[in-house]
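Everything numeric here is computed off the predicted structure, so don't read it as measured data. All residue numbers in this chain count up from 1 along the given sequence.
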Amino acid sequence: MSSIPRDVARLERAREGAALSLVRSPWAAIIVAVFREVFSQEQKQVRAERLHVQVETYLAELRDAGHEVPAQEDGRALCLSWMHNQWLRRVALDDGEAYELTSASLSAMQMHEGLARERALISESRLTTIVDAVHRWAVEATPDETARIAALDAEIEALTAERDRIRAGGAVEVADEDRMHEGFGDLVDLIDQLPGDFRRVEESLDRIHEQMVRDFRADERPKGDVLGDYLAASAHLTSQTREGRAFEGALAILGDENLLEAFREDLRAIVAHPFARTLTRDERADFVSADAVLRRGLRDVQMRQRRASQSLAEYLSSYSSGEERELTRTLRSIEQELGVWMRGARPRDAVPMEWMPTRLDIDHLRTRFYDPASAAPAAKLDDVSGERPDAPRIRDVRRQGGPLLAETLDGIERALAGGAGSLANAFNQLPDDLRRPVELFGLAYLASHGRLAGEPGGTVSAVRPDGTRRTFELPDMSREATDE
């Protein structure tokens with residue numbers, strides 16, 4: 001029997017995965033373009049509210065450009081559908097929620113990038129990489145000591161001959177631009193696979209943590225066995241999966257500073273070649289910062305593992321200190337009461353028991369306990385009575401108010417009786433405290449009501465409370481003039 005049935009079953013499972021469902025989606029181009037615009041190596045998480053607004057903005061731009069877009073009404077509904085299809089996942093933050101790409105989305109984006117990249121799939125650099133890798137692993141897989149020594153001697157002899165040739169004045173052969181382009185594309189393919197591998201390690205940790213919590217809540221296995229399985233699974237995770245082995249390789253590189261510095265120097269040497277002039281600034285920057293991809297992936301995996309362990313510790317602490325002790329006390333009290341009841345119970349006696357607990361009749365349930373700090377008296381106020389200003393005098397207060405009709409009327413009448421003649425001359429003879437500008441309103445009121453008789457018009461000199469003077473032309477304020 002052939003292996004076709006087994007291969008068909010395996011491929012059908014792959015087609016049902018989230019990565020291929022995104023590739024086969026009719027909106028794959030739009031979704032991948034949005035993901036590529038929003039998420040990056042530096043921006044791995046985007047706040048939920050911000051992503052909803054960004055998706056709506058991008059859909060409006062595509063609609064205006066004549067592209068057909070999904071029919072969801074808003075960005076939130078579209079993001080929720082992507083999360084349902086396992087292309088996005090929502091993570092909790094300290095002050096809200098955020099979205100991040102799943103490993104399936106990263107794989108689908110890599111597929112689209114590979115299809116959109118115009119280059120030959122079979123190249124000298126790719127074949128050389130394969131041949132060199134096969135030879136290296138073949139040497140490491142050979143247990144024969146003689147064969148291992150012969151392979152090392154051949155490699156040393158070839159390297160020594162090349163060194164001697166260059167030292168003797170031979171030309172240094174530098175790869176041409178076409179060959180460097182091919183090798184650069186192969187390296188970019190390998191580097192682009194790293195974020196997806198790191199994300200799969202994070203998702204594996206999440207699955208272990210979720211299964212552990214389900215086992216705890218099911219209460220079907222001893223808690224020690226569940227905890228031991230979690231520790232064993234997390235300890236051997238990196239050696240059991242393909243992405244885990246990539247994670248171990250990143251650990252080995254990041255743990256060796258000399259190797260990491262040599263890696264950076266090699267990256268800079270590659271982009272220093274003349275072929276790099278055809279690369280964009282972003283392509284050069286992304287390639288040179290490949291070591292940052294390793295660092296960020298390592299940090300994210302370690303943070304995810306730390307959060308899972310912290311959540312486990314909190315769950316165990318709350319479980320053992322709360323529910324476990326309360327349940328133990330309840331069972332022990334039931335056992336004691338059962339022992340008392342059995343002393344006088346007959347074989348067919350029954351204990352009436354309600355299916356639901358009775359409602360507690362409590363008028364008021366205390367929600368706060370006594371706090372001595374809240375009952376403490378307030379601190380004494382500082383005595384600043386020595387800095388208080390002088391109390392205002394009634395005379396000064398009145399000088400800031402409205403017209404003094406009685407005093408003005410009395411002063412004007414005395415001035416007119418003394419031969420002042422006009423109201424203006426009579427006003428100018430008043431003391432300074434009765435010649436305020438506001439007193440002119442009182443003068444107008446008295447004259448318009450026939451309370452004062454004098455020649456109309458003239459110039460008056462008013463004195464403000466601060467001592468400044470102001471000159472006014474006094475109009476005819478008699479009753480007849482106002483009536484006209």
Side-chain angles (χ1 to χ4, degrees), residues 23 29 32-33 35-44 101 106-137 155-156 158-199 246 249-250 252-254 256-298:
V23 174
V32 171
F35 287 171
R36 190 173 298 279
E37 180 69 21
V38 174
F39 298 95
S40 63
Q41 289 297 329
E42 293 77 16
Q43 187 76 17
K44 296 186 62 177
L101 295 178
L106 293 173
S107 299
M109 293 169 64
Q110 187 178 357
M111 293 180 195
H112 280 82
E113 184 66 23
L115 294 174
R117 188 178 298 154
E118 297 181 358
R119 62 179 183 83
L121 295 178
I122 299 179
S123 60
E124 180 184 357
S125 64
R126 175 162 291 194
L127 293 178
T128 302
T129 301
I130 295 174
V131 171
D132 292 341
V134 169
H135 175 70
R136 184 177 69 255
W137 288 111
E155 184 176 358
I156 293 172
L159 293 175
T160 303
E162 178 65 13
R163 183 199 62 186
D164 294 341
R165 185 188 68 81
I166 296 175
R167 180 178 294 174
V172 177
E173 298 180 358
V174 180
D176 56 15
E177 295 190 9
D178 292 338
R179 193 164 185 271
M180 289 299 298
H181 269 294
E182 295 173 357
F184 179 81
D186 294 336
L187 293 176
V188 170
D189 284 342
L190 295 175
I191 294 173
D192 288 344
Q193 295 176 14
L194 290 176
D197 292 339
F198 284 123
R199 185 58 55 84
I253 292 177
L254 294 176
D256 190 343
E257 289 296 333
N258 295 329
L259 181 60
L260 188 60
E261 183 60 30
F263 180 65
R264 297 193 194 98
E265 291 294 335
D266 292 340
L267 293 174
R268 288 191 286 266
I270 291 175
V271 296
H273 191 275
F275 92 97
R277 292 193 300 267
T278 61
L279 302 177
T280 64
R281 179 180 300 178
D282 293 338
E283 288 177 338
R284 289 194 299 269
D286 293 341
F287 184 76
V288 173
S289 61
D291 64 309
V293 177
L294 299 177
R295 291 185 180 276
R296 280 192 294 267
L298 174 64

_Could you work out, with salt bridge (Lys or Arg N to Asp or Glu O under 4.0 Å) as the rule, every residue matching Glu283, not counting sequence neighbours?_
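Counting only residues at least two positions away or on another chain, Glu283 forms no salt bridge (Lys or Arg N to Asp or Glu O under 4.0 Å).
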Would you please name every residue forming a side chain to side chain contact (heavy atoms under 4.5 Å, CB included) with [X], sequence neighbours left out?
X      : value
Arg277 : Glu177, Pro274
Arg264 : Leu260, Glu261, Arg268, Asp291, Arg295
Leu267 : Phe263, Phe287, Ala290
Val38  : Val34, Val46, Leu51, Gln54, Tyr58

*For Ser289, which residues count as a side-chain hydrogen bond (donor to acceptor under 3.5 Å, both in side chains) partner, sequence neighbours excluded?*
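Once residues adjacent in sequence are excluded, Ser289 has no partner under the side-chain hydrogen bond (donor to acceptor under 3.5 Å, both in side chains) criterion.
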_Results of ring pair (Phe, Tyr, Trp, His ring centres under 6.0 Å) for Phe35 - residues two or more places apart only_ =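 Listed in chain order: Trp82.
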*Spell out, as yes or no, whether a donor-acceptor pair under 3.5 Å connects the side chain of Arg284 to the backbone of Leu279.*
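Looks like yes, one N/O pair under 3.5 Å.
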_Using 0.5 Å steps for rounding, measure from the CD atom of Glu155 to the OG1 atom of Thr160._
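Between atom CD of Glu155 and atom OG1 of Thr160 there are 10.0 Å.
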